[in-house]
Q: 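Here's a structure for you.
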Amino acid sequence: MIGKYTAKLDDKNRMFLPSRLRADLGSCFYVTLGVNCGRRCLTVYTAQDWKTLEENYNRLPLSQRGEATSLIFINAAECLPDKQFRFSLPQYLLSYAGIGRDVVIVGRAGQAEIWDAAEFDAFERENLTPDKLLASLGAIGL
């Protein structure tokens, strides 16, 4: 998943799934708490990746199934886009990420993220520098 897409939430907290992400996400995907560089956002997982997360969690010894890990599952929402490719987000997720009406959806390799538009703009202004870009490229082996 790649790219940056703008969207708007309607009065029922629904938004359109960007056409470029529809094939990647499929007819069912999961949204939960997320964080990127210390900023709150929502993370979107494909059904397959979500199943892998569940399996990994269930393999952990009970002593390692801490509250923080559990919160990812407790606060998750299964999303099933309708025929117009709209899906709903629960208010508790929107509140966590500080999401208002204007939204940015970004592809981030195997996942996507949903951000409040103003928060994402601030994130980009802070992180879109030559030094941070070079560090990112170095981290992924380029």
Q: Can you find a side-chain donor-acceptor pair between Ser70 and Tyr57 that sits under 3.5 Å?
A: yes
Q: How many angstroms lie between atom OG1 of Thr46 and atom CG of Leu21, to the nearest 0.5 angstrom?
A: 12.0 Å
Q: Report the C-alpha separation of Arg108 and Thr43 in whole Å, then their side-chain angles, then the decisive distance to 0.1 Å, and conclude whether the side chain to side chain contact (heavy atoms under 4.5 Å, CB included) test is met.
A: CA-CA 10 Å; Arg108 193 174 140 194; Thr43 302; 5.8 Å; no
Q: Do other residues, nucleotides or ligands put more than 12 heavy atoms under 6.0 Å from the CG atom of Leu60?
A: yes
Q: How many angstroms lie between CG in Leu94 and CG in Leu9, if you round to the nearest 0.5 Å?
A: 5.5 Å
Q: Run the side chain to side chain contact (heavy atoms under 4.5 Å, CB included) test on Arg86 and Lys12 for me, step by step, so that the C-alpha distance in whole Å, both residues' side-chain angles and the decisive distance to 0.1 Å come before the verdict.
A: CA-CA 11 Å; Arg86 294 175 302 187; Lys12 296 179 182 179; over 6 Å; no
Q: Mark yes when over 12 heavy atoms from residues, nucleotides or ligands other than Gln48 sit less than 6.0 Å from its CD; otherwise mark no.
A: no
Q: Side chains of residues 29-42: which donor-acceptor partners sit under 3.5 Å, not counting sequence neighbours?
A:
unit_1	atom_1	unit_2	atom_2	d
Tyr30	OH	Glu78	OE2	3.1
Thr32	OG1	Ile72	O	2.5
Asn36	ND2	Glu113	OE1	3.2
Asn36	ND2	Glu113	OE2	3.3
Arg39	NH1	Glu119	OE2	2.8
Arg39	NH2	Glu126	OE1	2.6
Arg40	NH1	Tyr96	O	3.4

Q: Can you give me the closest heavy-atom contact between Met15 and Ala7, atom names plus distance?
A: CE-CB, 3.7 Å
Q: Compare every heavy atom of Asp49 with every heavy atom of Gly110, then report the nearest pair and how far apart it is.
A: O-OD2, 3.3 Å
Q: In the single-linkage hydrophobic clustering (I, L, V, M, F, W, Y; side-chain heavy atoms under 4.5 Å), do Val103 and Ile2 co-cluster?
A: no
Q: When rounded to the nearest 0.5 angstrom, what is the spacing between SG in Cys79 and CG in Leu93?
A: 8.0 Å
Q: Do the rings of Trp115 and Phe120 sit parallel, tilted or perpendicular, given the 30° and 60° boundaries?
A: perpendicular
Q: Hey, could you give me the CG/NZ distance between Leu134 and Lys132, rounded to the nearest 0.5 Å?
A: 13.0 Å
Q: Are Ile114 and Tyr92 linked, directly or through other ILVMFWY residues, by side chains that come within less than 4.5 angstrom of each other?
A: yes
Q: Got a donor-acceptor contact below 3.5 angstrom from the Asn13 side chain to the Pro90 backbone?
A: no
Q: Using a 4.5 Å cut-off on heavy atoms from C-beta on, say whether the side chain of Leu80 contacts that of Cys28.
A: yes
Q: Given side chain to side chain contact (heavy atoms under 4.5 Å, CB included), test Thr52 with Tyr45 step by step and report yes or no.
A: CA-CA 10 Å; Thr52 300; Tyr45 294 93; over 6 Å; no
Q: Grouping I, L, V, M, F, W and Y whenever their side-chain heavy atoms are under 4.5 Å apart, do Leu25 and Val104 come out in a common cluster?
A: no
Q: Considering residues, nucleotides and ligands other than Lys51, do more than 12 of their heavy atoms fall under 6.0 Å from its NZ?
A: no
Q: Would Ile99 end up clustered with Phe87 when hydrophobic side chains under 4.5 Å apart are linked, directly or stepwise?
A: yes
Q: Which atom pair, heavy atoms only, marks the closest approach of Arg101 to Asp10?
A: NH1-O, 2.7 Å
Q: Out of curiosity, does Leu17 fall in the hydrophobic cluster containing Tyr5 (side-chain heavy atoms, cut-off under 4.5 Å, transitive links)?
A: yes
Q: Hey, what do you get for CG (Leu128) to OG (Ser136), rounding to the nearest 0.5 Å?
A: 9.5 Å
